[in-house]
Peer 1: 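Supplied in C-alpha cells, the structure appears directly below.
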Protein chains: 2
Amino acid sequence: MEFREIVENNRSYRRFDQKRRLDKTELLELADLARKTPSAGNRQLLRYVISCSPEINSRIFETLGWAASLPDWPGPQEAERPSGYIVIVTEGDSWDWARVDLGIAAQTIFLGAAAQGLGGCMLGNVRKEQLREILELEDNLAIQLVIALGKPVEEVVLEKAGRGDSLTYYRTEDRVHHVPKRKLTDLVIRIYD
Amino acid sequence: MEFREIVENNRSYRRFDQKRRLDKTELLELADLARKTPSAGNRQLLRYVISCSPEINSRIFETLGWAASLPDWPGPQEAERPSGYIVIVTEGDSWDWARVDLGIAAQTIFLGAAAQGLGGCMLGNVRKEQLREILELEDNLAIQLVIALGKPVEEVVLEKAGRGDSLTYYRTEDRVHHVPKRKLTDLVIRIYD
C-alpha cells in the first residue's frame with residue numbers, strides 16, 4: 001500500500017468485527033512503531049498499556065465516551081466492539097510538548113494499524129479514575145488517551161467543507177459515517193515559492 | 001516501502017543536500033496528507049505556511065534554534081540547510097487537544113516525506129515574533145511548530161537506552177548522530193492477553 005493510501009484508509013472507526021481478535025504480538029508491534037517516533041527533547045515520556053483480553057477489554061469499554069457529536073448513539077454494541085486497546089499514559093505530570101509526542105505516537109499506531117487493514121478510534125473522553133483502578137496504575141502515571149482497535153465494519157466518507165460550513169460529523173440512514181474536512185486551499189494560508 | 005521501514009527511516013535529520021530543491025507541489029502534497037488526518041472533535045484548527053523559496057527559507061532559518069543538546073553546534077551550514085519549510089499555526093489560542101492534533105499532523109508530514117526519501121526536523125525552539133513578521137501573520141494566528149525538510153545527508157543511529165541511562169543525543173567524530181531510545185519492555189507497562 002502506498003503511504004498516501006494508508007493515510008486515506010486511516011479514518012476514525014467506531015464499529016468493528018469483534019470476531020476478529022487481536023493478539024499480543026500485533027499490539028506490541030504497534031507500540032514498537034510508537035517507540036521509534038521522534039520525541040520532544042528525546043525525553044520519551046509516554047508509556048503503553050495493551051489489552052487484547054476480552055475480559056479487560058469489556059471493563060475498559062465501560063470507561064469510554066464515544067462520538068460526542070452523535071449524542072443518541074451510546075457506542076458500539078456487543079459484536080461490534082474493539083478487539084484491543086492501547087492506553088497511552090505519561091510518567092509525571094503533563095508537559096506541553098508531551099501532548100505533541102502523544103499525537104505523534106497515536107497517529108503512528110493508527111497508521112500502522114491501517115497498513116494491516118485494521119482501524120480504530122482515539123478516545124479522549126475517558127472516565128480516568130475508573131480506568132486507573134482497572135489498570136492498577138501507580139499514582140505517578142497519568143492517562144492521556146485510549147486507542148481502540150479492531151477490524152472496521154463501518155464505512156467512513158470524507159465530505160468537502162467550505163468556509164463557514166458545519167464541521168460536525170454525522171451518520172446517514174445507511175449507517176455511513178460522514179466527516180466534513182476543510183479544503184486544502186483553506187488550510188494552506190501562505191505559499192512562498 | 002513497508003510502513004515499518006518508513007517509520008524506521010523517519011529520523012530527525014538536521015543536515016541536508018541543499019542542492020536538492022523542493023517544489024511547491026511536493027510541499028502541498030505533504031500538507032494534503034496532514035489535512036486527511038484525524039482531528040480532535042473534528043475541529044481542524046491547524047493551518048499551514050509552506051516555503052520552498054530560497055530567499056524566504058533563509059529568513060525562516062534565522063529564527064530557528066537547532067539541537068538543544070548540541071550547544072556547540074549552531075545548526076547546519078550553508079549547502080546543508082533545509083530546502084523547504086512547513087510552518088504549522090493555529091487559529092485562535094491554544095486548545096489542549098490542538099497540541100495532539102499538532103503531533104498527528106506533523107508526524108504524518110514527516111512520514112510522508114520519509115516515504116519520498118526526504119526527511120527533516122520538527123523545531124519548537126523558534127523566535128516566534130520574528131517569524132510572525134517574516135510571514136506577515138494575522139494576530140489571530142499562533143505559530144506552533146516549524147518543520148524543516150530536505151534531502152538528508154546525515155547518518156542517524158538509534159542506540160538502546162537502559163533504565164537510568166542518559167537520553168541525551170550526541171554526535172561522534174565521524175559526524176554520525178546517535179539517539180538513545182528506551183526499550184520496548186520499559187515502555188509497555190502492562191500487557192493483558
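Labels below follow one simple rule: chain letters A, B, ... track the order of the sequence lines, proteins then strands, and each chain is numbered from 1.
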Peer 1: Could you check whether any side-chain N or O of A/R35 sits under 3.5 Å from a backbone N or O of B/L187, counting only pairs where one atom can act as donor and the other as acceptor?
Peer 2: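 Judged by distance alone, no pair lies under 3.5 Å.
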
Peer 1: Any idea which of A/L158, A/V49, A/N10 has the most non-hydrogen atom pairs under 4.5 angstrom with chain B?
Peer 2: A/V49

Peer 1: Using side chain to side chain contact (heavy atoms under 4.5 Å, CB included), reason through B/L135 and A/I189 one step at a time and then give a plain yes or no.
Peer 2: CA-CA 10 Å; B/L135 305 178; A/I189 57 169; over 6 Å; no

Peer 1: Using a 3.5 Å distance criterion without hydrogens, assess whether the side chain of B/N42 forms a donor-acceptor pair with backbone atoms of A/V179.
Peer 2: no

Peer 1: Heavy-atom count around B/R20 CZ within 6.0 Å, excluding the residue itself: above 12?
Peer 2: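 Yes, enclosed.
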
Peer 1: Minimum heavy-atom separation for A/R182 to B/R47, with atom names?
Peer 2: NE-NH2, 3.4 Å

Peer 1: Answer with side chain, backbone, both or neither: which region of A/L27 has an atom nearer than 4.5 Å to a non-hydrogen atom of chain B?
Peer 2: neither

Peer 1: Around atom CG of B/D139, are there more than 12 heavy atoms of other residues, nucleotides or ligands at under 6.0 Å?
Peer 2: no

Peer 1: Tell me, side chain or backbone of A/L28 under 4.5 Å from chain B's heavy atoms, or both, or neither?
Peer 2: both

Peer 1: What residue, out of A/V89, A/V100, A/T108, has the most heavy-atom pairs lying under 4.5 Å from chain B?
Peer 2: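 It is A/V100.
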
Peer 1: Linking I/L/V/M/F/W/Y whenever their side-chain heavy atoms sit closer than 4.5 Å, directly or via other members, would A/M122 and A/I60 fall into one cluster?
Peer 2: no

Peer 1: Does any heavy atom of chain B fall under 4.5 Å from the side chain of A/P54, the backbone, both, or neither of them?
Peer 2: neither

Peer 1: Taking the side chain as every heavy atom from C-beta outward, state whether A/L111 and B/Q107 have any atom pair closer than 4.5 Å.
Peer 2: no

Peer 1: Which residue out of B/A106, B/A115, B/P180, B/A114 racks up the most heavy-atom pairs below 4.5 Å with chain A?
Peer 2: B/P180

Peer 1: Name the region of B/E29, side chain, backbone, both or neither, that has any atom closer than 4.5 Å to a heavy atom of chain A.
Peer 2: both

Peer 1: Within the supplied structure, the quantity of interest is the number of heavy atoms (other residues, nucleotides, ligands) at a distance under 6.0 Å from A/K128 NZ; does it exceed 12?
Peer 2: yes

Peer 1: Find the distance between CG (A/N57) and OH (B/Y192) and round it off to the nearest 0.5 Å.
Peer 2: 11.5 Å

Peer 1: Any side-chain heavy-atom pair from A/D32 and B/R4 closer than 4.5 angstrom?
Peer 2: yes

Peer 1: Could you see if A/F16 belongs to whatever hydrophobic cluster contains A/L30? Use Ile, Leu, Val, Met, Phe, Trp, Tyr and a side-chain cutoff under 4.5 Å.
Peer 2: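 Unlinked, A/F16 and A/L30 end up in two clusters.
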
Peer 1: Under 4.5 Å heavy-atom distance to chain B, tell me which part of A/A31 shows up: side chain, backbone, both or neither.
Peer 2: both

Peer 1: Which distance, rounded to the nearest 0.5 Å, do you find between the CE of B/M1 and the CE of A/M1?
Peer 2: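 Nearest 0.5 Å value for the CE-CE distance: 14.5 Å.
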
Peer 1: Using 0.5 Å steps for rounding, measure from the CD atom of B/E8 to the OG1 atom of A/T37.
Peer 2: 12.0 Å

Peer 1: Measuring heavy-atom distances to chain B, does A/L33 have an atom under 4.5 Å in its side chain, in its backbone, in both, or in neither?
Peer 2: both

Peer 1: If only atom types and distance count, is the side chain of B/R190 paired as donor or acceptor with the main-chain N or O of A/E136 below 3.5 Å?
Peer 2: yes

Peer 1: Tell me which of these, A/A34, A/C121, A/S53, has more heavy-atom pairs under 4.5 Å with chain B than the rest.
Peer 2: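 Ranked by heavy-atom pairs under 4.5 Å with chain B, first place is A/S53.
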
Peer 1: More than 12 heavy atoms of other residues, nucleotides or ligands under 6.0 Å from CD of A/E159: is that the case?
Peer 2: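 Yes, the 6.0 Å shell around CD holds more than 12 heavy atoms from other groups.
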
Peer 1: Heavy atoms only, distances under 4.5 angstrom: which of A/T168, A/L137, A/I56, A/L46 has the most pairs with chain B? Name it, please.
Peer 2: A/I56

Peer 1: Where does A/Y85 contact chain B at under 4.5 Å (heavy atoms): side chain, backbone, both or neither?
Peer 2: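 Neither part; nothing is under 4.5 Å.
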
Peer 1: Side chain, backbone, both or neither: which part of A/D96 has a non-hydrogen atom closer than 4.5 Å to chain B?
Peer 2: both

Peer 1: Indicate if A/L70 and A/F61 have the same hydrophobic cluster label, given that clusters are the connected sets of ILVMFWY residues with side-chain heavy-atom separations under 4.5 angstrom.
Peer 2: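 In one cluster with A/L70: A/F61, yes.
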
Peer 1: In Å, rounded to the nearest 0.5 Å, how long is the span from CH2 of B/W97 to CG of A/L145?
Peer 2: 5.0 Å

Peer 1: Should B/L64 and B/Y169 be counted in the same cluster of Ile, Leu, Val, Met, Phe, Trp and Tyr side chains packed under 4.5 Å apart?
Peer 2: yes

Peer 1: Below 4.5 Å, heavy-atom pairs only: which of B/L102, B/N125, B/D186, B/L184 has the largest tally toward chain A?
Peer 2: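 The answer is B/L184.
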
Peer 1: Could you tell me whether a side-chain N or O of A/K36 sits under 3.5 Å from a main-chain N or O of B/R11, the two making a donor and an acceptor?
Peer 2: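 Flag not set: sc A/K36 to bb B/R11 has no pair under 3.5 Å.
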
Peer 1: Can you tell me how far CG of B/D193 sits from OG1 of A/T25, rounded to the nearest 0.5 angstrom?
Peer 2: 9.0 Å

Peer 1: Does any heavy atom of chain A fall under 4.5 Å from the side chain of B/I191, the backbone, both, or neither of them?
Peer 2: both

Peer 1: At a heavy-atom distance under 4.5 Å, which candidate from B/G112, B/G84, B/S12 has the highest pair count against chain A?
Peer 2: B/G112

Peer 1: Should B/L22 and A/V188 be counted in the same cluster of Ile, Leu, Val, Met, Phe, Trp and Tyr side chains packed under 4.5 Å apart?
Peer 2: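 Linked within one cluster.
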
Peer 1: Side chain from CB out, backbone as N, CA, C, O: work out which of these in A/V87 comes under 4.5 Å of a heavy atom of chain B, or both, or neither.
Peer 2: neither

Peer 1: Looking at chain B, which one of A/Q44, A/K24, A/R43 has the largest number of heavy-atom pairs inside 4.5 Å, strictly under?
Peer 2: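 Top option by heavy-atom pairs under 4.5 Å: A/Q44.
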
Peer 1: Can you tell which part of A/I50 gets under 4.5 Å to a heavy atom of chain B, answering side chain, backbone, both or neither?
Peer 2: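 The answer is both parts of A/I50.
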
